[in-house]
Every structure is written in C-alpha cells, then in structure tokens.
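Along the sequence shown, the residues carry numbers beginning at 1.
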Amino acid sequence: MKIVLAESAGFCYGVRRAVELAEKTAAQHMPCVMLGSIIHNQDMIDKLADEGLTCVERLEDVPDDHAVIIRSHGESRAVHRALEDRGIKILDATCPNVTRIHNLVTKAEAQGRQPVIVGTPDHPEVLAIAGWCDHPVVVSGAESLEKWLEEDPARRDLPLSFVSQTTSTKKIWNDCVKKAKKECTNAEFFDTICGATSKRQEEARHLAEQSGMMIVIGDRKSSNTKRLAELCMECCPDVRLIERAEDLDMHSIPRTGIVGITAGASTPAWIIKEVYDKMSDENMEIEKSFEEMLEESIKTLNNGDKVTGTVVAITPTEIQVELGIKYPGYIPLSELSDDPSVKPEDVVKVGDEIETYVMLVSDRDCLVKLSKKRLDMVKGWEDIEAARENETVVEGFVTEDNKGGVVVSVKGVRVFVPASQTGLPRETPMSELLKKKVRLIITEVNRARRRVVGSISRVVRAERAAAAEKVWAEIEDGKRYTGVVKSLTSYGAFVDIGGVDGMVHISELSWSRIKHPSEVVKVGDTVEVYVISADREKKKISLGMKDHSQDPWSVFTSTYQVGDVANVRIVKLMTFGAFAEVVPGVDGLIHISQIADHRIEKPGDVLAEGDKVDVKITDIDMENKKISLSIRALLEESAEEEAPVEE
C-alpha cells in the first residue's frame, strides 16, 4: 500500500488569512464575535470557541460593545452598513477573491448591466455576492441559466455580466459561458473561480486517476470539499469523504495499490495530521510525510529572496500569488512592470508561474509583498552592461524629469539622460518626454555607484542619418512622400520626409492665393507632398503640395462661361481695379469702372481684400487665360428689373 498526499491539501490562502485573523484576535482577548462560521469546518469553529471567540448567526446577536469578524465567504452590503450604523468595529476576513466579485457586480449594476452569479444559490458566498446587487440573478449551472432565459425571451438581449462562485468547477462555468454566448446578445464574462481552487481540483482529479481509493478530508457542509469528492468520483471507483481521522475505517482500506488523500480548503492542518498519524500507525508507506508537507507550508521568506509562485487572481490593483507557504503573496500593479500603461492581463494570466522578488513579509497582515519589476531590475543590470559594451540600442519609459534631464527606466534600472542628450529643443521642458517610450544608447555604467547614463539624441541622430541616406538613395522627381511639417517661414514650409527636410514654396502650398503658409498648414501637421526637384550636391529638395493632376484653368472653363454669375473672393486691390479668385488658382480682374454703378476714386472705397461678392463674367481670353469680371453689370440688370413699366 502506498499513500500519496495531494500537494494543495488543506487551507487555501483566503481561509488561512481568515483563521489567522481570528486566532490573533482571540489571543488579544478583544471582545469580539464571528458573524457566522468563519470557515466551513466545525472543528475549527469549536477550537476558536475554546479560545474565547464565539460565533453568532444573526446580525441582531452581535453585542454593541464587541467587534465583529466578517467570515471568509463575505457578507452583503446591507450587513456592512448595519454594523457601521451601530458603530461596531469590523474585522473583515473576506477572501480577496470574493471581494473582487463584490466589486464586479456592483460596478456592473452601476453601468446598467444585469449581474448573473453562477453558483450554489444557498451558499453563504453566493448569498453575500447577491447582497451587493439590487436585483441579482443566481444560476446553478447551464440548465438553470437556460430555464431563466426561457422564462422571459427578452432577457437574451439584456446586458448581462457573468461571475462565478470562487469554489465552482471549471466545467459548470464553461457550460454556462457556452450557453450564454450562444443565447445572449450582450454578455460579458469574468472568470472568478479561485486559481488555488482550480489547482486543487486539478491535482485531486489527477491523483484520483492513479489511485484505487481516494480519501477526501473536510467538513460535509463545505461546498469546496463536496466538489473535490464529486470530481474524484468521476475518476476513482472508491472515494471516502471523512471529516476527521475517527471516521476512517482502516479495515476497509485495501492493502495494495495507491490510496490518494486530498483535503478541502477549509480543512485545518491538524486534522490532516490525525489522518496521517492513523495511517502511519498501520505501517503504511507514506510518499511524503505530513511533517515535510507542514514544514513546506510554514517555511519563511526574507526580504530580497527570489520566489516562484502561481498566479491565482488578478484585480485592477494587484496580482495575487500562491507561494506554497502560510502567507499569500501579492504584486501591486506599480511593481509589475516599468510600463505605466501596462494591463496586468497583458503580462500574466491566472495559473501562470511567476518569479518574483520579496519586498516585504508582513506577519501583522499575513501577507508577502512581491515585485516582478525589481527582479527584472536585478536581471536588467546584466543586460545594461552588455548594452554598454556592445553599444546596443535599448528601450525604456521616462519616469522622472527635472532641469538637468530625465530618468528612463530600462528593464527596471534607472538611466539618467542629461538634457543635452534628450534630443529636445533648448527651450522645450523636459516634461514633454514624461511617461513616453524612448530608444537610447547606454554611455556610462558604474554598478558600484548604481549610476547609469544614456543618450536619446545619439539614437535619434543615427536613425535620422540612416533614414536620410535611404531617402537620398531613392529620391526622384515626382516621387510622393508622407511628411511632417517641421517649421514655417514667410516664403514656405519645411517638411520632414523621413530624415531629410524639403521645402514647399508658398506658391506650391495651394492653388489659392495666400499671404502666409500658416493659412494652409501648421507645425506638426502630417501632409502628402511630391518631389519637384532634388539637388544631391547641395542637399536641397523642392517639394509641392498642389494637386497638378487637375489644371485650375480647365476646372474654370468646364464650370463657367461668359454671362455666368459667380461668387468670388477679393484677393488683391490695385489702383486700376481688383483681382478676385473665381476658383482656386484662377483669378479674374474687376476693372475699377466695373466695381460700382457710379464713379469711384479707388477700389478700396467699395471693396476690401477677403470680401466675397457676386460678379458677372463678361469676357474670357482663352489664349492668355484672362478673365474680365463686372459687379456693375449685375447692378444695372437689377435696376432695370426694378424700374416701373410705362403704360
């Protein structure tokens, strides 16, 4: 006979956290009660009662002068508010994974969505989750969901937000998701099954497949324990669910083959040890002693240690990690990555193994604070030194700025870039680079002083030079580029076409007559240009923006003819008349004698540049491409129409 104990048997970190809070409170002799069983294990509840921490089932039974411990399953929003209204101190032992679900359903309902909770309807955890909604819906599985949808077909089009009881099985959850995706038109899903639970269930299933008998230790009221037993029954012909060692009938255990043992998340270590001791007395072969397992579960960590754990939950503010020790670990979002915009799910997923750096072990909070970013920094020093030696370009995010320059985080290592090496114009504030991703060369490394210096401008210059060389190698008249306007002058705009600046003369910016390039473009604009000419020796490029595929004169002649009326814009005043733009690129002359129906001294007496007026086209000189316009002709025609008719 060989006995094999599952590695994840016993307390999960959420239960351990709750029990340690209760034991600590009892040791301090603080007047306190537990509201409901803190975990689903009567032996543990009885032990706490012996230590002076009693349990009450109803809110009204909480004494006014006592603190209250909220159980790991959590309580409803109404319970929290009632306790706060009475001024009762709350010691919240709610599992962080369950708290996350409370936040999810609250947010969903605030957004006008319908929370749907997948779980056992009368389970304390599910009741607590439902208590954070105004109109909760609880389904026990895919069949229950289908029945709810059939009761009112309009529910299929509701905005639904699905969450799961943390101790549910993946199969139940996946079946519900499959059903909802098929039936519902606006559903979102949050897989809130605890990662530690999934790991425990998978281990139990795998062990059951190899064993002739499975022993599942835990309280029969525990949903988590019953799930384990059900999973084991699918793979093993003989499964025994026991609450303690005295329930184990040693005479019924086979003397050959493998007996597997697992325990629910609410099963205390001493109960598992009792089972171990009973089997040990029978001289059975134990693959791993309980003492070894217990030693591993309570092994200590020190600040600065490297540790590998399993991601069990991801929240908007942290990543929770199961370390296989008595305390759970968590990585604050700020300690996950150098990238300030990174999303946790882009870096890790539930179930992933992750190597981290221990920042703080808190016996008071029963937690281990971890950092992936700092471990990356330790490894990053080697990469930084190699980059300096090989003059390799590296990437990082600008995290700080000051008058002297900026600090760039490269693989967790702080790299100082002097202002002169940032590539920014002299008057530009350093804050322009803050939180931006940059490429740089490492120019100095002093690991002993933890000093690293880099240059962004060297990379920019090198990349620009390479781009310029490519442009000059391929440039030809007529070639089109997408460029960026770098600067403006009175005579044109300079455009960067990829490492080389070319000039668009003011006359090439638009067919319309303009006084300054800013009427058409501004610095930073992305524009389409084409090469008019390129002088490789003088390194000068002349660019154009006007569309030469359509001649403005052709546009005019296809649109207007003599006698037509046009609305034109006055573009220039002369002593002999005014020039007006008829279509972009084509101007006509309104002679001073044609501006008004009376004598005027100068065009400016009636017109101003920028005015828009109606004119009559009186002549078109096709050979010289000249147009004569008249305002007077329209005025006279109007006067004739208004003159009274003689009888």
Side-chain angles (χ1 to χ4, degrees), residues 334 337-342 373 380 384 387-388 391-446 450-472 481-506 509 514-529 539-543 545:
S334 60
S337 170
D338 287 333
D339 185 349
S341 63
V342 74
K373 185 170 72 173
I384 288 290
R388 169 67 184 91
E391 296 190 350
T392 307
V393 176
V394 295
E395 293 183 343
F397 287 88
V398 178
T399 58
E400 302 173 35
D401 71 286
N402 53 53
K403 292 181 179 179
V406 297
V407 174
V408 183
S409 181
V410 180
K411 298 186 177 182
V413 178
R414 287 167 51 92
V415 180
F416 177 67
V417 179
S420 62
Q421 297 299 310
T422 61
L424 292 175
R426 186 180 298 273
E427 301 301 323
T428 304
M430 297 293 106
S431 58
E432 285 290 312
L433 289 175
L434 201 58
K435 295 184 180 180
K436 290 185 178 178
K437 189 176 185 178
V438 295
R439 291 162 56 79
L440 62 156
I441 287 283
I442 304 300
T443 58
E444 179 187 338
V445 177
N446 187 327
R450 304 184 70 79
R451 173 180 169 82
V452 184
V453 180
S455 171
I456 298 171
S457 59
R458 278 183 55 179
V459 176
V460 173
R461 288 196 300 269
E463 291 178 345
R464 187 171 175 82
E469 185 177 346
K470 186 174 186 296
V471 169
W472 282 113
Y481 291 92
T482 298
V484 177
V485 178
K486 304 297 289 184
S487 62
L488 301 178
T489 68
S490 60
Y491 52 84
F494 286 92
V495 177
D496 182 352
I497 58 173
V500 179
D501 289 351
M503 193 192 78
V504 184
H505 192 269
I506 189 170
L509 282 169
I514 60 173
K515 291 185 175 180
H516 194 273
S518 59
E519 296 178 39
V520 180
V521 294
K522 63 180 182 296
V523 173
D525 281 355
T526 299
V527 294
E528 299 295 324
V529 295
K539 300 295 182 183
K540 290 185 177 180
I541 302 172
S542 177
L543 302 172
M545 279 179 56

Open item on the list: For Arg451, give me all partners under salt bridge (Lys or Arg N to Asp or Glu O under 4.0 Å), at least two apart in sequence or on another chain.
Closed with: Glu444
TODO: Please answer whether the main-chain N or O of His516 pairs with a side-chain N or O of Glu519 as donor and acceptor at a distance below 3.5 Å.
DONE: yes
Open item on the list: To the closest 0.5 Å, what do you measure between OG1 (Thr482) and CD (Glu528)?
Closed with: 3.5 Å
Open item on the list: Test your reading of the model: is there a side-chain donor-acceptor pair from Arg439 to the backbone of Glu395, 3.5 Å cut-off?
Closed with: no
TODO: Taking Lys436 for its side chain and Val398 for its backbone only, find out whether a donor-acceptor pair lies under 3.5 Å.
DONE: no
Open item on the list: If I take atom CG from residue Leu424 and atom CG from residue Leu433, how far apart are they, to the nearest 0.5 angstrom?
Closed with: 4.0 Å
- [ ] Calculate, to the nearest 0.5 Å, the distance between atoms CE and CG belonging to Met503 and Leu543 respectively.
- [x] 9.0 Å
TODO: Would you give the length of the straight line joining atom OG1 of Thr399 to atom CZ of Arg414, rounded to the nearest 0.5 angstrom?
DONE: 6.0 Å
Open item on the list: Looking at Ser455, is its backbone amide N or carbonyl O close enough to the side chain of Thr443 to form a donor-acceptor pair, meaning the two atoms are under 3.5 Å apart?
Closed with: no
Task: Closest non-hydrogen atom pair, Pro517 against Ser490 - done: CD-O, 3.9 Å
Open item on the list: Taking side-chain contact (heavy atoms from CB on, under 4.5 Å) as the definition, give me every residue that meets it alongside Asp501, ordered by chain and number, with sequence neighbours left out.
Closed with: Arg464, Lys486, Asp496
Task: Under the side-chain contact (heavy atoms from CB on, under 4.5 Å) test, residues paired with Pro425 that sit two or more places apart - done: Thr428
TODO: Could you tell me whether the side chain of Thr489 and the main chain of Gly492 form a donor-acceptor pair under 3.5 Å?
DONE: yes
Task: Separation between CD of Glu400 and CE of Met430, rounded to the nearest 0.5 Å - done: 14.5 Å
TODO: To the nearest 0.5 angstrom, please state how far the OG1 atom of Thr422 sits from the CD atom of Glu432.
DONE: 10.5 Å
Task: For the student: nearest non-hydrogen atoms of Gly454 and Leu440, plus distance - done: CA-CD1, 4.2 Å
